[in-house]
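Reviewing the structure listed below.
Worth saying up front: this structure is predicted, and the values here are computed from it rather than measured. Computed from heavy atoms alone, side chains included, the values below leave out hydrogens, waters and symmetry copies.
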Amino acid sequence: MAVLSGLIRVMERAARKAGGRLRRDFGEIEHLQVSRKGPADFVSKADMRAERTLYDELSQARPDWGFVLEEAGIVEGDPTKPRWIIDPLDGTSNFLHGMPHFAISIAVQEPRLDGSGWGDVTAACIYQPITDETFWAEKSRGAWLHDARLRVSSRSRLSEALIATGIPFQGAGDPAEWMKIYGAIGPEVAGIRRFGAASLDLAWVAAGRFDGFWETGLKDWDTAAGCLLIREAGGFVSDYRGRTEPIHAQQVLAANDSLHSKLHKLLAGALKA
C-alpha cells in the first residue's frame with residue numbers, strides 16, 4: 001500500500017475541493033456562462049472557479065511557489081523553489097456537452113540547479129471528479145491509482161493494442177498530418193479512441209487501459225502530470241523524433257517500450273511520406 005507524501009496529500013486535497021465544485025457545476029451546465037478564447041476554445045465560469053480554488057489551496061500550502069495556470073497564465077514565485085502546472089478542467093468541451101469525462105491535472109516542476117530554467121516534473125495528480133479516481137505519481141516512487149500500483153500495458157503486438165489520440169478540431173492542430181499518422185497506425189492496431197481529455201488519456205496509458213497515445217498541439221498543463229505518471233508506471237514518452245524531455249506537449253507519443261518503438265516507426269514513416 002502506498003503512503004501518500006505530504007506533497008501528494010496537498011495536491012489531492014486541492015483537486016478534491018475543486019472537483020467537488022466541478023461536480024456541482026456539471027449538474028447545472030445549462031446555466032453556466034460560457035465564452036470563447038478561440039474558434040473552438042471555450043472557457044466557462046466552472047474553469048475559472050476551479051482554477052481559483054486550486055490556486056488558493058496550493059498557494060496557502062506552498063506560499064513561495066509559482067504557478068503555470070491555463071486561464072491566468074504564469075504567476076512568478078521564488079525562482080529557487082518548484083512551481084505548480086495546473087489544468088483546472090481538462091475536457092472542457094466534454095463538460096459543456098454533459099459528457100462525464102474530464103479531469104483536474106496538477107504537476108510539480110523543479111527549477112534546474114544551474115538556474116537555467118525549469119527541469120524535471122517530480123509529482124503529479126490527475127483527478128476525475130465524476131468517477132472519484134485519483135491518479136498520482138512521484139519521481140522514483142511509482143504511479144498509483146489511490147493505493148493500487150499502476151503499470152503500463154504489457155502488450156507487445158500492435159494488433160492487440162488500443163490507442164488513444166486527439167483529433168484536430170476547428171482552429172487547432174494539423175488535420176493533414178493527423179490523417180497521415182492515422183493512416184499508418186489505424187490499420188495496424190485493435191482500435192483508436194478519442195475521448196477528449198489528454199490528461200486522462202495519459203493516465204489511462206499509465207493504468208494499462210490504453211496501450212498507447214499520440215497527439216500534437218497540446219500545452220504543458222495538459223501533459224505535465226500525465227508524462228510523469230506514464231514514466232513512473234514503466235512506460236516511455238517522447239516527441240515524434242523519439243526525443244525525451246520532462247514535459248511533452250507539442251508532440252506526444254506514449255506507450256510501453258515495446259509498443260512505443262513500433263508506433264514510432266509507423267509514425268515517423270508516415271511523416272516522411
Side-chain angles (χ1 to χ4, degrees), residues 90-91 94 99-103 105 124 126 128 131 133 135-137 142-145 148-169 173-218 222-245 247-273:
D90 183 26
N94 286 350
M99 296 172 61
H101 190 79
F102 51 87
S105 179
I126 295 173
Q128 216 293 31
T131 60
E133 291 178 307
F135 302 86
W136 64 274
W144 305 80
L145 173 55
R149 186 70 179 261
L150 296 180
R151 299 295 298 177
V152 292
S153 162
S154 61
R155 293 185 181 88
S156 60
R157 296 179 180 177
L158 286 170
S159 61
E160 299 174 351
L162 186 64
I163 308 299
T165 188
I167 301 173
F169 56 90
D174 184 338
E177 179 187 80
W178 186 88
M179 287 298 295
K180 287 182 180 179
I181 297 170
Y182 176 80
I185 293 177
E188 303 295 327
V189 300
I192 303 285
R193 299 289 183 270
R194 200 282 194 209
F195 285 176
S199 63
L200 280 177
D201 288 341
L202 295 168
W204 284 18
V205 172
R209 298 176 185 178
F210 287 138
D211 301 297
F213 172 81
W214 93 86
E215 189 168 356
T216 59
L218 296 169
D222 295 313
T223 64
C227 286
L228 181 64
L229 275 164
I230 290 172
R231 288 169 173 145
E232 289 297 315
F236 193 75
V237 187
S238 76
D239 66 11
Y240 288 0
R241 295 186 181 183
R243 300 173 298 190
T244 61
E245 298 289 344
I247 301 172
H248 287 284
Q250 289 304 311
Q251 296 179 340
V252 188
L253 179 64
N256 64 36
D257 283 350
S258 176
L259 286 177
H260 187 281
S261 62
K262 295 174 181 178
L263 290 168
H264 181 253
K265 185 176 180 180
L266 291 172
L267 187 153
L271 295 182
K272 286 179 182 177

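In this view, P175 and P168 satisfy the side-chain contact (heavy atoms from CB on, under 4.5 Å) rule, not counting sequence neighbours. Checked against salt bridge (charged side-chain N to carboxylate O under 4.0 Å, His left out), E177 has no partners two or more places apart in sequence or in another chain. In this structure, the side-chain contact (heavy atoms from CB on, under 4.5 Å) partners of A203, at least two apart in sequence or on a different chain, are I126, F135, L229. Applying the side-chain hydrogen bond (donor to acceptor under 3.5 Å, both in side chains) criterion to E188, with sequence neighbours excluded, gives no partner residue. With sequence neighbours left out, the side-chain hydrogen bond (donor to acceptor under 3.5 Å, both in side chains) criterion links R209 to E133. Annotation: salt bridge (charged side-chain N to carboxylate O under 4.0 Å, His left out) contacts of R155 (sequence neighbours excluded): D211. The salt bridge (charged side-chain N to carboxylate O under 4.0 Å, His left out) test applied to E245 returns no partner, not counting sequence neighbours. Every residue was checked against the salt bridge (charged side-chain N to carboxylate O under 4.0 Å, His left out) condition with R149, not counting sequence neighbours, and none meets it.
In this structure, the side chains of W214 and I192 come closer than 4.5 Å at one or more pairs of heavy atoms. Counting heavy atoms from C-beta outward, T165 and W178 have side chains that approach closer than 4.5 Å. Looking only at side-chain heavy atoms (C-beta outward), D174 and T216 stay at 4.5 Å or farther from each other.
Pairs engaging residues 196-207 under the side-chain hydrogen bond (donor to acceptor under 3.5 Å, both in side chains) rule: D90-S199 [sequence neighbours left out].
Looking only at distances, a side-chain donor or acceptor of K262 sits under 3.5 Å from a matching main-chain atom of S156. With T223 contributing its side chain and H248 its backbone, the two residues share a donor-acceptor pair below 3.5 Å.
Interatomic distance, L202 CG to L228 CG, rounded to the nearest 0.5 Å: 11.5 Å.
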Output a table of donor-acceptor pairs, distance under 3.5 Å, between side-chain atoms of residues 237-244 and any protein atom two or more places apart or on a different chain; print 'none' if there are none.
| unit_1 | atom_1 | unit_2 | atom_2 | d |
| --- | --- | --- | --- | --- |
| S238 | OG | H260 | NE2 | 2.9 |
| D239 | OD1 | R241 | N | 2.9 |
| D239 | OD1 | G242 | N | 3.0 |
| D239 | OD1 | R243 | N | 2.9 |
| D239 | OD2 | R243 | NE | 2.7 |
| D239 | OD2 | R243 | NH2 | 2.9 |
| Y240 | OH | E215 | O | 3.4 |

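Taking every heavy atom of both residues into account, I247 and A224 meet most closely at CD1-CB, 3.9 Å.
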